[in-house]
Amino acid sequence: MDDVDKKIDLPKAYEPAQHEKEIYQLWLDSGFFNPDNLRTDGPTFTISMPPPNATGILHIGHAVGLAIEDAVIRYKRLQGYKVLWLPGTDHASIATQTKVEKILASEGTDRHTLGREKFLERVKQYVADSQGTIREQIRRMGSSCDWSRERYTFDDGLSQAVNEAFIRMYNDGLIYRGYRIVNWCPRCTSTLADDEVEYEEQQSKLYYIKYGPFVVATTRPETKLADTGVAVHPDDHRYQKYIGQSLDIDLAGHKIKVKVFADKSIDPKFGSGVIGVTPAHSMVDYDFATKYGLEIIKLIDEQGKILASGGKYAGQSTLEARNNFVADLQVANQIEKIEDFNNNLSICYRCQTPIEPLTSEQWFVAVDKKIPYRNKSLKELAIEAVKHKDIRIMPRRFEKIYFHWLENLHDWCISRQLWWGHRIPIWYTDDQQIIVAHDEAKAKAKANGQNITQDQDTLDTWFSSSLWTFSTLGWPDDTKDLQLYHPTLLMETGYDIIFFWVARMILMTEYLLNDKPFALVYLHGMVRDKEGRKFSKSLGNGINPIEMIDKFGADALRLSTIIGTSPGNDFRIYEEKIAGYRNFVNKLWNISRFIFSSVQKIKRVEKEPQPKTLADAWILSEYNDLVEQITSDFHRYDLSSAGEKLYEFTWSKLADWYLELAKFEKNKDEILLYILERLLILWHPFTPFVTEQIWKQFEAPHLMIVEHWPKAGKQDQEAIKAFAELMELVAMIRNLKAENKMRVDNKPDCYIENDFLIKESKLTAAYLAGVTWQNSVIDGVKFNTSHGYFIINLHKPLKEQELENMKKYIADLEAKLTNKAFTENAPRQIVDETRKKLEQAKKKIAP
RNA sequence: GGUCGCAUAGCUCAGCUGGUUAGAGCGCUACAUUGACAUUGUAGAGGUCGGAGGUUCGAGUCCUCCUGCGACCACCA
């Protein structure tokens with residue numbers, strides 16, 4: 001061993017847990033997460049981090065997003081962009097309130113007992129306790145986001161933005177209060193937006209009720225107490241005579257008055273072909289009421305109890321009322337039959353409680369109303385932003401889904417009867433006047449001395465998130481940050497919230513800023529377990545990203561979320577996969593370790609070294625090809641492809657061939673260091689920790705995060721071809737040795753004849769193949785390669801199967817070439833290539 | 001009911017605008033291994049690309065139909 005003056009401090013295996021925290025601290029201390037500290041005049045590049053719930057813990061879906069976003073951010077930073085990745089958290093009104101209510105329930109109390117003020121204090125405390133957790137977990141992933149600009153949807157600035165947005169929309173007539181049917185969750189005692197309702201198939205009963213001259217089928221008999229209409233198909237001859245009439249119906253003593261009307265949406269074949277219409281408690285029926293002028297009788301209140309309009313059933317829960325009413329109908333002989341029936345029950349997306357549609361006075365955003373000075377509706381603005389390609393969605397097919405959703409969007413109910421959230425900036429005066437204002441003081445000033453009370457409701461949590469890309473940069477003030485970093489470039493998120501969030505951000509930004517929130521939407525797929533199932537609490541199949549980081553390192557976890565995945569498609573993550581990438585990270589570590597220990601002096605090599613051998617020319621060409629390809633992959637946001645190519649180059653080319661051969665050819669310090677230094681930079685977006693740790697050995701003036709992305713040099717095509725021949729030769733000989741049960745240290749004589757390989761390359765090949773090179777022809781068996789042959793004292797004949805395959809291959813090629821249709825129609829290049837292939841194949845089976 | 005996606009080696013997945021005897025990782029088999037790495041190396045076995053038809057000189061790769069999984073949207077009175 002040469003005693004050289006260098007110190008190598010690299011243990012045998014890379015232990016992520018020993019380095020990651022320290023490295024993250026180095027990055028933090030450097031200040032380079034903050035674009036103000038980047039010494040660059042480059043253009044800006046911004047990503048707004050989708051804010052996780054302030055009370056949540058990091059789940060694997062977040063980990064995927066963070067890995068992708070950080071890879072892009074680090075790539076752009078290395079490329080010299082002025083990069084801002086703005087982190088933050090969401091107050092998640094309904095989710096958080098539900099969570100705290102569960103805690104209260106376990107303590108035997110509830111929010112009403114506590115009262116609004118105390119409850120809010122309790123939630124704030126809870127958020128304060130858990131916000132730090134998610135922040136820490138984002139750091140564990142290695143996220144290079146600018147913590148100095150961290151925001152929270154409920155902090156003062158963002159609350160100001162929310163009020164400003166509300167007021168502008170109110171003044172433009174885009175927000176109104178109306179008495180309408182809404183989705184109501186009786187447990188949350190709040191409204192929900194249409195897309196906050198989920199469906200769950202369940203077994204239920206279909207009751208056939210004798211209903212005046214009709215039989216009406218229903219899954220919810222109790223609602224019939226508030227029917228005001230009966231619908232039939234216009235062509236249904238059975239009921240022609242009733243259409244247009246008003247009928248008095250007796251339902252086990254409960255009297256109702258219904259108007260019979262015809263609508264072609266009625267299926268004459270379903271049930272009895274007659275529908276009892278309950279406008280106050282069914283979305284569809286409400287539309288009927290509007291269309292045909294039916295009376296609306298509210299039957300069920302906000303607690304899910306029957307109102308006075310329900311007669312003797314008043315005060316009962318809907319379920320009690322159903323049972324009692326059906327029993328009464330049975331006594332009155334008005335139940336014709338009861339069938340089993342599967343239907344989709346609508347449930348609350350936060351607490352899974354069945355939704356009770358009911359009429360109520362709420363605040364809405366009008367999506368179809370023309371904006372006065374724009375002459376377009378919100379809906380139109382949002383559609384045009386994508387249609388005119390200002391915003392692109394990846395993958396493309398989600399654009400269609402986006403359009404479909406917007407085209408069918410109804411007015412957005414934004415008031416929630418929750419306590420945790422942005423209070424609606426509306427005050428009511430003694431004389432019923434409505435005042436909209438930024439705060440109570442301003443509202444008072446407008447009230448001319450009258451008493452005022454603020455609206456009790458809060459805003460849909462997605463209202464504040466829809467402002468996220470710009471409210472976080474200081475809007476409504478015209479800040480420097482807003483000018484510099486908005487619109488953002490990339491919105492990376494899961495396809496499951498394209499409606500909740502992505503669409504609403506586009507809609508609000510187009511309206512408020514007359515601009516787009518981002519140029520490109522990158523939608524990652526959902527993470528599934530090894531069996532392809534969704535992660536769920538009930539299955540207990542969740543993978544905790546922090547546990548995985550503890551076990552395998554953040555770099556390995558990041559790789560497993562990026563390589564082998566593509567936007568919009570679901571993918572599986574499981575321990576063995578992460579362990580595989582842990583192995584790779586260790587390989588990269590050991591490649592570096594080998595190079596550092598074999599070179600005379602560790603140093604940075606500025607210029608591409610001159611190749612001295614075929615292998616040198618080959619590896620430099622491969623490296624340059626790699627730089628070119630992955631730069632282009634990054635440009636297209638094809639991170640998976642970039643990662644795969646890096647992996648392939650690092651392990652299969654550099655480690656398996658070039659390093660092995662460097663042990664023989666020697667004196668490759670310059671090339672090894674030149675390539676390693678740059679390879680680490682290329683890996684850095686994916687595996688920031690290990691690369692930064694190895695980087696320390698170079699004693700470079702800067703941390704790796706602010707190094708420069710390499711530029712691709714020239715490729716030597718001849719060298720690539722010749723080296724392919726060398727690899728083929730080596731593989732054949734190794735194979736022969738293995739087939740002949742020959743030990744590795746048994747090195748038979750071998751003579752090599754080859755057009756492509758000069759003497760030095762033949763020596764290298766012999767070394768790699770494990771044979772003793774002979775300068776002149778020897779006795780033995782001759783084996784053909786594509787461009788030459790070798791003679792070796794081994795007797796493995798070409799296997800019968802192989803020979804047959806080869807003959808068939810040759811026959812196929814010959815058939816192709818004698819086919820005029822092929823030679824005349826196919827491009828010249830293809831035909832020539834086919835001829836060459838035939839020649840080579842023939843050579844191989846020649847004696 | 002509407003829209004869309006997926007079906008490629010035992011498993012997980014690549015295969016872009018159609019043109020090398022279809023690739024990788026894991027797993028499997030055999031051999032090796034005190035000197036970068038067993039979180040390793042070398043070699044090997046293993047798919048004709050869900051099915052049927054079509055376009056084309058040529059299809060895993062485009063079109064049609066079918067089958068099976070899955071997602072989303074709508075609706076189920």
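This is a predicted model, so every value here is computed, not measured. Reminder, nothing fancy here: chain letters follow the sequence lines and each chain counts from 1. Just so you know, these numbers use all the heavy atoms, side chains as well, and skip hydrogens, waters and symmetry mates.
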Colleague: Near A:Arg396 CZ, under 6.0 Å, is it more than 12 heavy atoms from other residues, nucleotides or ligands?
Modeller: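 Yes, enclosed.
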
Colleague: Please list all pairs meeting salt bridge (charged side-chain N to carboxylate O under 4.0 Å, His left out) that have one or both residues in residues 554-566 of chain A, counting only residues at least two apart or in different chains.
Modeller: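 Pairs touching residues 554-566 of chain A that pass the test: A:Asp70-A:Arg558.
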
Colleague: Please give the distance between the P atoms of B:rC11 and B:rG51 as a whole number of Å.
Modeller: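 Approximately 15 Å lies between the P atom of B:rC11 and that of B:rG51.
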
Colleague: Dot-bracket, 5' to 3', for RNA chain B please: Watson-Crick or G-U pairs under 3.5 Å, [ ] where pairs cross earlier ones, | where the partner sits on another strand, dots elsewhere.
Modeller: (((((((..((((.....[...)))).(((((.......))))).....(((((..]....))))))))))))....

Colleague: If the condition is salt bridge (charged side-chain N to carboxylate O under 4.0 Å, His left out), which residues does A:Glu531 pass it with, not counting sequence neighbours?
Modeller: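 A:Arg533.
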
Colleague: Indicate the ring-plane relationship of A:His19 and A:Tyr14, choosing parallel, tilted or perpendicular according to the 30° and 60° boundaries.
Modeller: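 Rings of A:His19 and A:Tyr14: parallel, as their planes differ by under 30°.
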
Colleague: Just by modelled atom types, is the A:Arg572 backbone N or O under 3.5 Å from a matching donor or acceptor in the A:Lys577 side chain?
Modeller: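 A pair under 3.5 Å: yes.
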
Colleague: Between A:Lys836 and A:Asp832 (salt bridge meaning N to carboxylate O under 4.0 Å), is one present in this structure?
Modeller: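 Looking at A:Asp832 together with A:Lys836, the answer is no, because their closest N to O distance does not fall below 4.0 Å.
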
Colleague: Applying side-chain contact (heavy atoms from CB on, under 4.5 Å), name anything that partners A:Asp194, two or more places apart in sequence or on another chain.
Modeller: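 A:Asp194: side-chain contact (heavy atoms from CB on, under 4.5 Å) contacts with A:Asn183, A:His410.
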
Colleague: Whether the side chain of A:Glu725 engages the backbone of A:His787 through a donor-acceptor N/O pair (distance < 3.5 Å, no angle test) should be reported.
Modeller: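 Such a contact is found between A:Glu725 side chain and A:His787 backbone.
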
Colleague: With a non-hydrogen cut-off below 4.0 angstrom, is A:Arg636 in contact with a base, only sugar-phosphate, or nothing?
Modeller: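 Answer is nothing: A:Arg636 stays at 4.0 Å or more from every strand.
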
Colleague: Could you go through A:Phe689 and A:Val585, starting from their C-alpha distance and side-chain angles, then the distance that decides it, and tell me whether this counts as side chain to side chain contact (heavy atoms under 4.5 Å, CB included)?
Modeller: CA-CA 10 Å; A:Phe689 288 109; A:Val585 169; over 6 Å; no

Colleague: Return the orientation label for the A:Tyr239 and A:Phe214 ring planes: parallel under 30°, perpendicular over 60°, tilted otherwise.
Modeller: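 Geometry flag for A:Phe214 against A:Tyr239: perpendicular rings.
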
Colleague: Using the C1' atom as the reference point in each nucleotide, state the distance between B:rA74 and B:rG60 in Å, no decimals.
Modeller: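 My reading of the C1' atoms in B:rA74 and B:rG60 gives 35 Å.
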
Colleague: Once you apply a heavy-atom cut-off of 4.0 Å, does A:Lys663 come out as touching a base, just sugar-phosphate, or nothing?
Modeller: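 Contact class for A:Lys663: base.
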
Colleague: Mind checking salt bridge (charged side-chain N to carboxylate O under 4.0 Å, His left out) for A:Arg734 and listing every partner two or more places apart, or none if nothing turns up?
Modeller: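 Salt bridge (charged side-chain N to carboxylate O under 4.0 Å, His left out) check on A:Arg734 returns nothing, list empty.
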
Colleague: Using atom P in both nucleotides, what's the gap between B:rC66 and B:rA30 to the nearest angstrom?
Modeller: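 48 Å, rounded to whole Å.
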
Colleague: Looking at RNA chain B, which of residues 576-589 of chain A put a heavy atom within less than 4.0 Å of it?
Modeller: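 Heavy-atom contacts with RNA chain B come from A:Lys577, A:Arg582, A:Asn583, A:Asn586, A:Lys587.
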
Colleague: For A:Lys379, check salt bridge (charged side-chain N to carboxylate O under 4.0 Å, His left out) against everything at least two apart and list the hits.
Modeller: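 Listed in chain order: A:Asp368.
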
Colleague: Between A:Lys663 and A:Tyr767, is NZ or CZ placed under 6.0 angstrom from the six-membered ring centre and within 45° of the ring axis?
Modeller: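 Pair A:Lys663/A:Tyr767 does not count as cation-pi.
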
Colleague: Please identify each residue that fulfils salt bridge (charged side-chain N to carboxylate O under 4.0 Å, His left out) with A:Glu336, with sequence neighbours left out.
Modeller: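 With sequence neighbours excluded, A:Glu336 shows a salt bridge (charged side-chain N to carboxylate O under 4.0 Å, His left out) to no residue whatsoever.
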
Colleague: Do A:Glu660 and B:rA36 have a side chain to base donor-acceptor pair shorter than 3.5 Å?
Modeller: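 A donor-acceptor contact between them is present.
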
Colleague: Donor-acceptor pairs under 3.5 angstrom involving side-chain atoms of residues 262-270 of chain A: please list them, not counting sequence neighbours.
Modeller:
| from | atom 1 | to | atom 2 | distance (Å) |
| --- | --- | --- | --- | --- |
| A:Asp263 | OD1 | A:Ser265 | N | 2.9 |
| A:Asp263 | OD1 | A:Ser265 | OG | 2.7 |
| A:Asp263 | OD2 | A:Lys291 | NZ | 3.2 |
| A:Asp263 | OD2 | A:Tyr292 | OH | 2.5 |
| A:Asp267 | OD1 | A:Lys269 | N | 2.9 |

Colleague: Suppose you measure atom P in B:rC4 against the same atom in B:rC63; what distance do you get, rounded to whole Å?
Modeller: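 To the nearest whole Å, 12 Å.
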
Colleague: Check each residue of residues 267-275 of chain A for a non-hydrogen atom within less than 4.0 Å of any atom in RNA chain B, then write out the ones that pass by number, or none.
Modeller: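 Listed by number, they are A:Asp267, A:Phe270, A:Ile275.
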
Colleague: Can a side chain N or O of A:Asn735 be found less than 4.0 Å away from OP1 or OP2 on B:rG44?
Modeller: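 Affirmative; the distance criterion is met.
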
Colleague: Check the interface with nucleotides 55-63 of chain B: list each N/O to N/O pair with the protein under 3.5 Å, or write none.
Modeller:
| from | atom 1 | to | atom 2 | distance (Å) |
| --- | --- | --- | --- | --- |
| B:rC57 | O4' | A:Ala821 | O | 3.2 |
| B:rC57 | O2' | A:Asn819 | ND2 | 3.4 |

Colleague: A:Lys737 near the nucleic acid: base, sugar-phosphate alone, or nothing, with a heavy-atom cut-off under 4.0 Å?
Modeller: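 The residue A:Lys737 makes no contact with any strand.
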
Colleague: List every contact pair, protein side and nucleotides 3-8 of chain B side both N or O, where the distance is under 3.5 Å.
Modeller:
| from | atom 1 | to | atom 2 | distance (Å) |
| --- | --- | --- | --- | --- |
| B:rU3 | O3' | A:Lys400 | NZ | 3.3 |
| B:rC4 | OP1 | A:Lys400 | NZ | 2.5 |

